[in-house]
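Keep in mind the model is a prediction, meaning the values are calculated, not measured.
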Amino acid sequence: MRFKQPSVLPGFNLAFGYTIVYLSLLVLIPLSALVIKTSSLSLGEFWQVVSSERVVAAYQLTFGASLIAAVINLFAGLLVAWVLVRYSFPGKRIVDALVDLPFALPTAVAGIALTTLYAPNGLIGEQLAKLGIQVAFKPLGVVVALTFIGLPFVVRTVQPVLQDLEAELEEAAACLGANRWQTFCKIIFPAALPALLTGFTLAFARAIGEYGSVIFIAGNIPLESEIVPLLIIGKLEQYDYAGATAIATVMLLISFVLILAINLIQWWHARRHGMRK
């Protein structure tokens, strides 16, 4: 492969250099500083910090809730995108704009709103409490908050793919005797799968680092509803910078491995179906 592909725009060297500098300042240097600060701890001290019962419980809640929320958004986002693309109904533009609300809404405002709704005396929480279900101040509340902030990533990633999908393919499948389920599985789903995986990755990554909308509804009870970002903030407030960076480093490594695995699956699917040049 040629390193520099021909382009209608000149200035590859300048643009490439600017890209490297920009990424270094915003990504590589901060992450390097994180690792360097963590290296001030001995291996035993590092392991003691990142393997304590409270930290492990926070990791389990953060990654577990993020995964559950991303899976929920995977199905809900596909359904919402399908409705917005394939159907016309009164107020469609309003619904389409509401999808982007988690992008524009400050996370703290979202957390307060969700807590107000799902608290035991809230509009929805009161009805759920009668069924013995408590959302606010429980791990379930964390899942609700992460689902709320992650939905737009899936919808906005899948929506253009569904818009570009030719209706003639579905008509041809129907003419060949395929039912609706077969048409979805053989025509629609394979075309939308790369976008779904991308949206899932974005929603999952966004949920892992979420803080503002979670701390209000989670209750922040150690070993039960405490997330990793809150632990890091607590360490920083105690001036335990090495401990904070140690926890953040483990979180970074786990996130990188999970996202890399998802991207490899996406790459494998694209290559298998001849979508990779």
**Asked** Cluster question for you: counting only ILVMFWY and a side-chain heavy-atom cut-off of under 4.5 Å, with indirect links fine, are Phe16 and Leu23 together?
**Response** no
**Message:** Between Ser213 and Glu210, do the side chains contain a donor N or O and an acceptor N or O under 3.5 Å apart?
**Reply:** yes
**Request:** State plainly whether one hydrophobic cluster holds both Ile208 and Leu252, where clusters connect Ile, Leu, Val, Met, Phe, Trp and Tyr through side-chain heavy atoms under 4.5 angstrom apart.
**Result:** no
**Asked** Heavy-atom count around Gln182 CD within 6.0 Å, excluding the residue itself: above 12?
**Response** yes
**Message:** For a 4.5 angstrom cut-off between non-hydrogen side-chain atoms, does Phe63 reach Ser255?
**Reply:** yes
**Message:** Using only atom types and a distance under 3.5 Å, with no angle test, would you say the side chain of Ser225 pairs donor to acceptor with the backbone of Ala218?
**Reply:** yes
**Asked** Only one of Ile149, Leu202, Thr147 forms a side chain to side chain contact (heavy atoms under 4.5 Å, CB included) with Asn73, so which one is it?
**Response** Thr147
**Message:** If you compare all heavy atoms of Gly150 against all heavy atoms of Ala203, which two are closest, and at what distance to 0.1 Å?
**Reply:** O-CB, 3.6 Å
**Request:** Could you tell me how the ring of Tyr239 sits relative to the ring of Tyr241: parallel (under 30°), tilted (30 to 60°) or perpendicular (over 60°)?
**Result:** perpendicular
**Non-hydrogen atoms of Ile247 and Val50 that approach each other most closely** = N-CG1, 4.2 Å
**Asked** Between the main-chain N or O of Glu226 and the side-chain N or O of Glu224, is there a donor-acceptor pair closer than 3.5 Å?
**Response** no
**Asked** Under the side-chain contact (heavy atoms from CB on, under 4.5 Å) test, which residues partner Pro229, sequence neighbours left out?
**Response** Thr62, Tyr211, Ile227, Met251
**Prompt:** Under a single-linkage definition using a 4.5 Å side-chain heavy-atom cutoff for Ile, Leu, Val, Met, Phe, Trp and Tyr, are Val85 and Leu193 assigned to the same hydrophobic cluster?
**Reply:** yes
**Message:** Applying side chain to side chain contact (heavy atoms under 4.5 Å, CB included) to Val154 and Phe200, what does each step give before you reach the verdict?
**Reply:** CA-CA 6 Å; Val154 180; Phe200 174 85; 5.5 Å; no
**Message:** The test is side chain to side chain contact (heavy atoms under 4.5 Å, CB included); show your working for Leu253 and Val257 and say whether it passes.
**Reply:** CA-CA 6 Å; Leu253 291 175; Val257 170; 5.5 Å; no
**Asked** Under a single-linkage definition using a 4.5 Å side-chain heavy-atom cutoff for Ile, Leu, Val, Met, Phe, Trp and Tyr, are Val228 and Phe137 assigned to the same hydrophobic cluster?
**Response** no
**Item:** Minimum heavy-atom distance Ala244-Lys235, with the two atoms named
**Value:** CB-CB, 3.6 Å
**Minimum side-chain heavy-atom gap Phe216-Leu114 below 4.5 Å** = no
**Prompt:** Tell me, do Ile217 and Lys138 make a side-chain contact under 4.5 Å, heavy atoms counted?
**Reply:** no
**Message:** Between Val135 and Ile124, is there shared hydrophobic-cluster membership here, with clusters defined by ILVMFWY side-chain heavy atoms closer than 4.5 Å?
**Reply:** yes
**Asked** Donor-acceptor pair, Lys92 side chain versus Tyr87 backbone, under 3.5 Å?
**Response** yes
**Message:** Under 6.0 Å between ring centres: does that hold for Phe103 and Phe153?
**Reply:** yes
**Request:** Could you tell me which non-hydrogen atom of Pro222 sits nearest to which non-hydrogen atom of Asn220, and how far apart they are?
**Result:** CD-O, 3.5 Å
**Request:** Decide yes or no on side chain to side chain contact (heavy atoms under 4.5 Å, CB included) for Leu123 and Tyr118, but give the supporting numbers first.
**Result:** CA-CA 7 Å; Leu123 181 62; Tyr118 289 98; over 6 Å; no
**Request:** Flag yes if more than 12 heavy atoms outside Glu53 fall under 6.0 Å of its CD atom; otherwise flag no.
**Result:** no
**Asked** Just how far is it from atom OG1 of Thr116 to atom CG of Asn121, taken to the nearest 0.5 Å?
**Response** 9.0 Å
**Request:** Taking the side chain as every heavy atom from C-beta outward, state whether Thr245 and Val35 have any atom pair closer than 4.5 Å.
**Result:** no
**Message:** Please find the pair of heavy atoms, one from Val142 and one from Ala65, that lie closest to each other, and give the distance.
**Reply:** CG1-CB, 3.8 Å
**Request:** Specify the closest pair of heavy atoms between Ala248 and Leu34, including all atoms of both residues, with the distance to one decimal.
**Result:** CB-CD1, 3.8 Å
**Item:** Non-hydrogen side-chain atoms of Leu140 and Ile133 separated by less than 4.5 Å
**Value:** yes
**Request:** Kindly indicate, with the supporting measurements, whether the criterion side chain to side chain contact (heavy atoms under 4.5 Å, CB included) is fulfilled by Val80 and Phe75.
**Result:** CA-CA 9 Å; Val80 172; Phe75 294 96; over 6 Å; no
**Message:** Could you check whether Thr38 and Thr249, counting side-chain N and O atoms only, form a donor-acceptor pair closer than 3.5 Å?
**Reply:** yes
